[in-house]
Trainee: 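The following block contains the structure, expressed as structure tokens.
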There are 2 protein chains.
Amino acid sequence: MENTKKRREFIKDRIYEDVRHDIITFHYQPGEKLSEYSLAEKFGVSRSPIRSVLQKLESESLVVIDPQRGTFVTKLDFDYIRDIIYLRWCVESTLMCQIAEQQPEALLLALRECLEKQKTLLTGHDIDPEEFTALDNAFHEAIYTGNHRENLWDVIQEVNTSYLRFRMLDLVQGNSHRQIYQDHCKLMQYMENKDTQNLRALLHQHLNGNLQTNEGIKREYKEYFTA
Amino acid sequence: MENTKKRREFIKDRIYEDVRHDIITFHYQPGEKLSEYSLAEKFGVSRSPIRSVLQKLESESLVVIDPQRGTFVTKLDFDYIRDIIYLRWCVESTLMCQIAEQQPEALLLALRECLEKQKTLLTGHDIDPEEFTALDNAFHEAIYTGNHRENLWDVIQEVNTSYLRFRMLDLVQGNSHRQIYQDHCKLMQYMENKDTQNLRALLHQHLNGNLQTNEGIKREYKEYFTA
DNA sequence: TTTCTTCAACTTGTATGTTAGTATACCATG
DNA sequence: CATGGTATACTAACATACAAGTTGAAGAAA
């Protein structure tokens, strides 16, 4: 049985992935101009697929299209990111409390396996930020899928890209991987011990990536943020 | 001081509002085909602005574009809607508990004013579903803005259209307006009395628009829903 | 009748003009 | 020098033409 829906790959799909990746990894810097014409030239295509790509990127707030002026990579808006963090906190703390309550065997096992993978990756040198991010995401995704909230995970992913860029900023510094892993382990413990009080508090801190360092990042990369 | 940012009105903006409205109000029915060419003809424009509109509508899951086949109004996916309800429940119950805790004077006053408007509208005959929806939304929006979560409200609105269509189904029947108003009043009471237990329970029921009636709607409009 | 092939009509993707708004460098004017 | 108008280059919005895949009906073959 073939359930992988064959969807022809269009030029715009490939370009979308390329440009999105380059924005998230700060290859294109916040504020940088991305004109249709120059992108079309770069990828060797016409402006039509580029327009599609830019409009899609605008819908996830990665670029802003200023009519007849230009299209620009959005700067990081901390007020916006702050609300995305709050959104995830509200949802994921509720989900985790539910897990703490019900102690679903299969899910807890899956989460422990996920943590093992993270531990393994951490033993090596030169940790690839994107690879670690994938494992980080896998842990959080399991929280959703384990509660049969796959759609909810997908929905949140669509608005999560701004937060993703924000987290990338301190991940490239390379010293927060271990902290994230340890947070996950503690969250795991709290769920197993039904310690919802500490669970919610730690998750808040975890999603914020340690409040004190945020201020440092905002200073260090202040040209990446909106005023 | 002029703070309304003058943004030139483009053809696609008007068409977007038109088509979106017609989908939400079921003028275009779920599953119906919306070809670029026929829409272009209907609005007397070329396919370019129509493509913009349809791509934007796809990003909020109101249409699905099947390449080289056609563009169709999406059917209501209850699994998806269920998760949107859960999302709103997680967020709004947290916000309301926060309000219950802090008892912010100005916000409580604003909420009471909002309820008065709803009460006034309910005294008349022939209640306009869209007008009531606006007042319903205003109550929920105040919960966000009162906690300085304007961005979060905006984010949720972007994924809320599917839920909006779902609620429209029983609103046109015209017998749930009073129930919604009464729910709001009770939620208000629970917040003032810091009764978070009942608050969370009622909000869940409120967002679901009464579980028992949902089954009836799914039967009555079953051609509007996915299998 | 049933099944397969062919083809025409229709779909969106892509390419390329054309139009109109914006920003800026330049120059004339005070 | 300061100011205001103008020409110009650039932008995205919009129009149009062509390309390529999908669908389904008509018709031939079994």
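Convention: sequence-line order gives letters A, B, ...; per-chain numbering from 1.
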Trainee: Quick one: Tyr16(A) OH to dG13(C) P, roughly how many Å, whole number?
Mentor: 16 Å
Trainee: To the nearest Å, how far apart are Leu39(B) CG and dC14(D) C1'?
Mentor: 16 Å
Trainee: For the rings on Phe26(B) and Tyr224(B), is their centre-to-centre separation under 6.0 Å?
Mentor: yes
Trainee: How about Arg82(A) and Tyr86(A): does a side-chain donor come under 3.5 Å of a side-chain acceptor?
Mentor: no
Trainee: Please state whether the phosphate of dC14(D), meaning OP1 or OP2, lies under 4.0 angstrom from any side-chain nitrogen or oxygen of Lys12(B).
Mentor: no
Trainee: Do the ring planes of His204(A) and Trp89(A) sit parallel (below 30°), tilted (30 to 60°) or perpendicular (above 60°)?
Mentor: perpendicular
Trainee: Are a donor atom and an acceptor atom from the side chains of His177(B) and Asp136(B) found within less than 3.5 Å of each other?
Mentor: no
Trainee: Which atoms form the tightest heavy-atom contact between Glu32(A) and His27(A), and what is the distance?
Mentor: OE1-O, 4.2 Å
Trainee: Take Gln68(B) and Arg69(A), find for each the nucleotide of DNA chain C with the closest heavy atom, and name the residue whose nucleotide sits nearer the 5' end.
Mentor: Gln68(B)
Trainee: Rounded to the nearest Å, what distance is computed from the OH atom of residue Tyr37(A) to the P atom of nucleotide dA15(C)?
Mentor: 13 Å
Trainee: Heavy atom of residues 43-59 of chain B under 4.0 Å from DNA chain C: which residues?
Mentor: Arg47(B), Arg51(B)
Trainee: Judged by modelled atom types alone, do Glu36(B) and Thr71(B) share a side-chain donor-acceptor pair under 3.5 Å?
Mentor: no
